[in-house]
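See structure below.
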Protein chains: 2
Amino acid sequence: MAAGSSMEWLKSVKGVILDMCGVLYDSGEGGGQAIHGSVEAVKRLMDSGLTVRFCTNETQNTREKFVQKLRVMGFDISVSHVFSPAPALIHILRERALRPHLLVYDDLIPEFDGVDMSSPNCVVIGDAADNFSYKNLNEAFRVLIGLEKPLLFSLGQGRYYKETDGLKLDVGVFMKALEYACDVQAEVVGKPSAKFFQTVLNDMKLQPHEVVMIGDDLVNDVGGAQGCGMKGVQVRTGKYRPSDEQHPTVRADAYVDNLAAAVDALLTNQ
Amino acid sequence: MAAGSSMEWLKSVKGVILDMCGVLYDSGEGGGQAIHGSVEAVKRLMDSGLTVRFCTNETQNTREKFVQKLRVMGFDISVSHVFSPAPALIHILRERALRPHLLVYDDLIPEFDGVDMSSPNCVVIGDAADNFSYKNLNEAFRVLIGLEKPLLFSLGQGRYYKETDGLKLDVGVFMKALEYACDVQAEVVGKPSAKFFQTVLNDMKLQPHEVVMIGDDLVNDVGGAQGCGMKGVQVRTGKYRPSDEQHPTVRADAYVDNLAAAVDALLTNQ
């Protein structure tokens with residue numbers, strides 16, 4: 001992150017939101033591994049006095065399990081500082097007295113403990129992976145089409161992601177499938193939804209212009225944050241591709257080699 | 001079909017295209033059963049001297065097996081007079097030297113005997129039912145995304161259909177899923193594609209205005225045929241619903257109680 005007049009905004013930063021996969025660690029066998037320099041960078045950031053939060057679209061684990069996995073890699077993160085779609089959705093369900101039919105990954109189900117799921121009046125889909133069977137999709141569809149006003153929530157809207165054994169279809173693809181089947185539009189919970197970012201900002205007690213989002217996903221992290229009035233920085237790790245720096249509609253406020261470099265620039269300019 | 005000046009067009013009809021499921025028979029356990037009066041009506045029509053063809057979006061059987069099933073119900077139909085999406089697609093594949101990766105119902109696969117499927121350069125999806133697993137969808141997706149220019153064919157674009165054990169998601173839903181995943185638009189083969197209807201007209205050696213399509217699906221049968229310049233008649237059997245007669249965009253040239261009534265009107269006016 002080159003210093004200079006265009007980087008003046010760094011001085012006004014009071015808070016940082018970090019994307020997790022592709023910024024802190026790379027996913028893969030055995031849960032993945034920390035990206036070089038990121039454990040140390042997170043520690044420096046948290047010791048700096050800046051307000052730090054974590055924001056992920058991860059829906060294959062409860063937050064507790066997910067944070068545990070990161071602890072094993074060396075990250076010392078508090079569960080309450082991690083924002084993921086499922087808890088945000090549960091808040092919405094309670095607020096609007098909704099009872100979900102779930103089509104999600106098995107390991108996410110404990111997150112819904114205590115949520116009333118009798119006589120469902122909405123359908124929730126997450127990255128269910130192998131649970132996206134024809135049978136389960138038909139079940140979710142029948143609940144949806146049977147409602148007077150079909151209501152579908154999708155935990156994210158990703159197209160696909162990469163695992164060690166190849167590309168995998170993400171939740172957005174099945175969201176589009178059910179949208180077409182029932183002629184409805186899903187409510188997306190998670191990045192890049194502005195409502196989701198706003199929840200994090202509220203918790204930080206900061207204004208958007210005081211906060212920078214650091215992520216590897218140009219559209220969902222950087223573009224989503226900028227859409228809320230935050231600054232957005234893209235790291236050249238994770239799913240970053242050189243073509244991102246010539247994207248037709250989204251331009252990051254800075255591109256940096258990795259999280260360590262981003263933290264260097266931030267702390268130098270405080 | 002009330003006689004009268006508005007029915008004058010019946011006199012100029014030289015050919016008839018019949019939809020099958022919902023017009024000839026109702027699907028269900030053991031392959032379904034003939035609709036009352038339809039066996040006799042088809043026989044009268046074929047004996048009348050009018051040119052008769054059959055047009056279906058059925059993709060869970062080869063044409064041979066499908067016609068065999070209808071023979072058991074009492075219909076005496078020639079395989080060469082039945083037009084279904086798979087043979088139309090195979091024609092396209094040969095014309096454009098394409099090698100498909102198939103995601104279809106097992107019983108449809110023999111239809112592709114002799115088609116080169118090595119190093120696929122396109123993906124074909126039909127109503128694969130239980131074969132729409134996460135694993136199979138990922139496989140189709142990886143072939144598609146790996147192509148320089150992803151090419152997806154969909155055998156129909158239905159949203160859902162009804163079977164004895166409930167509503168089932170149709171091929172159109174998975175077409176939308178793969179379209180979103182790869183940011184492509186599928187080529188639809190089958191009704192209501194104009195190209196598909198034109199193939200039937202070519203075989204009949206008739207002009208569109210000389211032909212009437214009789215179907216139970218207002219949009220795909222009646223609307224599709226009218227879009228090609230044919231007349232379209234809806235029968236009040238199969239998936240017909242009274243609300244079809246007040247459809248915002250499609251108006252049939254006539255609504256009749258069933259195929260027998262349609263044939264009565266046609267033959268009376270010849």
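Chain A is the first sequence line, chain B the second, and so forth, proteins listed ahead of strands; every chain is numbered from 1. Bear in mind the structure is a predicted one, so any value in this text is a computation, not a measurement.
Environment of NZ in A/Lys65: sparse, with no more than 12 heavy atoms of neighbouring residues, nucleotides or ligands closer than 6.0 Å.
Interface summary for chain B: among A/Ala177, A/Gly166, A/Ser133, the most heavy-atom pairs under 4.5 angstrom belong to A/Ala177. In terms of heavy-atom pairs under 4.5 Å with chain B, the best-connected choice from A/Asn136, A/Asn131, A/Val173, A/Leu169 is A/Leu169.
The pair B/Glu139-B/Arg142 does not count as a salt bridge, with every side-chain nitrogen at least 4.0 angstrom from each carboxylate oxygen.
Of all residues in residues 150-160 of chain B, those placing a non-hydrogen atom less than 4.5 angstrom from a non-hydrogen atom of chain A are B/Gln157, B/Gly158, B/Arg159, B/Tyr160.
For A/Phe174, the ring pair (Phe, Tyr, Trp, His ring centres under 6.0 Å) test picks out A/Phe132, with sequence neighbours left out.
Residue A/Lys239 forms a side-chain hydrogen bond (donor to acceptor under 3.5 Å, both in side chains) with just one option from A/Asp26, A/Asp217, A/Asp216, and that option is A/Asp217.
Side-chain contact of A/Asp253 with A/Gln226: a donor-acceptor pair under 3.5 Å is present, judged by distance alone. B/Glu245 and B/Tyr240 are linked by a side-chain donor-acceptor pair at a separation below 3.5 angstrom, with hydrogens and angles left out of the test.
Judged by the 6.0 Å and 45° rule, A/Lys168 forms no cation-pi pair with A/Tyr161.
B/Ala128 does not touch chain A: none of its heavy atoms, backbone or side chain, sits under 4.5 Å away.
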